Amino acid sequence: MSVFMDAVLAEAKKRGKTVVLPEGEEIRIIEATQKIVAGQIAKVILLGDPAVIEEKAGGKLEGVTIIDPKTSSKTADYANLLYELRKEKGMTPEKAKSLALDPLYFGCLMVKAGDADGMVAGSVHATGDVLRPALQIIKTKPGISTVSACFVLAMPEGSPFGENGVMVFGDCAVMPCPTSEQLVDIANASVDSARRIARMSDPKVAMLSFSTRGSAKHELVDKVKKAVDLMKEQGVDYKFDGEIQLDAALVPEVAALKAPCSPIGGNANILIFPDLQAGNIGYKLVQRFGNAEAYGPICQGLAAPVNDLSRGCCCNDVVGVVAITALQA
Ligand code: ACO
C-alpha cells in the first residue's frame with residue numbers, strides 16, 4: 001500500500017463507520033471483509049445468504065453482520081421507504097417490494113434509513129447499476145445537484161506535481177457532458193474530496209480547456225469560461241483559474257507566459273476536465289505513462305457515500321474503497 005493509502009486506512013480506523021457491502025456472496029468481498037474487520041478499518045454489513053457466505057468464508061465471520069434481504073424483518077420498512085421516496089416518479093408498492101429485495105437497492109435504503117454510513121459495490125455489477133439506486137434514493141448533498149467522481153492520483157516519489165505528490169482529477173467517471181453549472185458542482189465536490197480524502201490543505205483548481213484566457217474561440221471553450229464566471233460569482237473558498245490549458249496549469253514557467261498572475265501559478269493540484277471523455281482518458285494517461293497510483297472512482301456529491309468498485313478489483317482494492325467511503329461519511 002502507498003503512503004496515501006496508509007494515511008486513509010489510519011484515518012478510517014479512527015472513524016469507526018459502518019459500511020454495507022451488497023455483494024456479500026462474492027469471494028473478494030468476503031476476503032476484504034476479513035481484512036477490514038481484522039484491521040478495525042470499519043464495521044461491515046454483508047448482504048446475502050448467511051449459509052453461502054459462511055461456507056465461502058470457511059466458517060463464521062466474527063464481528064460481521066450478515067443480512068439477507070429475502071428474510072430480513074427490515075425489508076418491508078425499506079420497501080415502504082422506497083415507495084414514499086419515489087411515488088411521484090411512478091413507484092408502486094408492488095415495485096418497491098420487489099426492488100427492496102435487490103441488494104443494491106436494499107443497501108442504499110439502509111444508508112438512507114441511517115442503518116449504515118455508506119455503501120460499496122461494483123465487484124460484480126456495472127457502474128450504472130450501482131449508481132442509479134444511489135441517485136434515486138440517497139440523492140445529492142444540500143447545495144449540490146450533480147453527482148460526479150474523482151480520482152486521487154498519487155505520483156511517484158520526487159514528482160513535482162500536486163500537493164506532496166497527490167493530485168485530484170474530476171469528473172472521470174459519471175457525467176458524460178457536464179454543463180457549465182455542473183462543472184462548478186464537479187469543481188466544488190472535487191475540492192471537498194481533496195480536503196477530506198487527500199487531506200489537501202491548499203486546493204488549487206484548474207478548469208481545463210484547449211484554450212488559455214481566450215487563446216481559442218469555440219463553444220466548448222465558452223462552456224468552461226462560463227463555469228469560471230459562475231465560480232467567481234459564488235465566491236468559492238479555494239484558488240482557481242480557467243479556462244486554462246494543462247501546461248499552463250501545471251508548469252510555472254508556462255503559466256508565466258500564458259496566464260500571467262494566475263492565482264494557481266502553474267501549481268494546480270486539482271484538475272477539472274471539460275467532459276468525461278477528457279477526464280476518463282486523462283487520469284489513465286497519468287496512471288499509465290506517469291506511473292501514478294490511481295484511487296477511484298470516488299463518487300462525490302451524494303448526501304451519503306456510495307462507491308463503485310471496478311469489476312476487476314482485488315481484495316485490497318475493496319479494503320481501500322471501504323476506507324475512503326468511511327472518510328466521506
Ligand atoms: N447527478 C445527480 N443526479 C443524477 C445524475 C447525476 N450525475 N445522473 C442522473 N441523475 C438522477 C436523474 O435526475 C434521475 O433522478 P429522478 O429519477 O429522481 O428524476 C435519476 O438520477 C436516475 O437518472 P437516469 O437518467 O435514469 O439515470 P441514468 O440511467 O442516466 O444513469 C448514470 C445515471 C449511471 C450515472 C449514467 O450517467 C452513466 O452511466 N454514466 C457513465 C458511467 C460510466 O459508465 N462511467 C465510466 C466507467 S467508470 C471508470 O472508467 C472508472
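No experiment lies behind these values; they were computed from the predicted model shown. Indexing begins at 1, ligand by ligand and atom by atom, following the structure's order. Hydrogens, waters and symmetry mates are skipped; everything else that's a heavy atom, side chains included, is used.
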Checklist entry - Are F151 and F169 close enough that their ring centers fall under 6.0 Å? => result no
Checklist entry - Any Lys/Arg nitrogen of E181 or K226 sitting under 4.0 Å from an Asp/Glu carboxylate oxygen of the other? => result yes
Checklist outcome for this item: side-chain contact (heavy atoms from CB on, under 4.5 Å) filter on C315, not counting sequence neighbours, yields E31, A32, K35
May I have every N or O pair linking ligand 1 to the protein at under 3.5 Å, one per line with atom names and distance?
residue, atom, partner, partner atom, Å
ligand 1, 1 (N), V147, N, 2.8
ligand 1, 7 (N), V147, O, 3.0
ligand 1, 17 (O), R86, NH1, 3.3
ligand 1, 17 (O), R86, NH2, 2.8
ligand 1, 18 (O), R86, NH1, 2.7
ligand 1, 18 (O), K139, NZ, 3.1
ligand 1, 19 (O), K89, NZ, 2.8
ligand 1, 29 (O), R132, NE, 2.9
ligand 1, 29 (O), R132, NH2, 3.3
ligand 1, 40 (N), V174, O, 3.0
ligand 1, 45 (N), A173, O, 2.8
ligand 1, 50 (O), N280, ND2, 3.1

Next on the checklist: If I take atom CE from residue M207 and atom NZ from residue K223, how far apart are they, to the nearest 0.5 angstrom?
Outcome noted: 9.5 Å
Next on the checklist: What I want to check is whether the side chains of T146 and D185 have a donor and an acceptor closer together than 3.5 Å.
Outcome noted: yes
Next on the checklist: Just so I know, are the side chains of V166 and N269 near enough to count as touching, which here means a heavy-atom distance under 4.5 Å?
Outcome noted: no
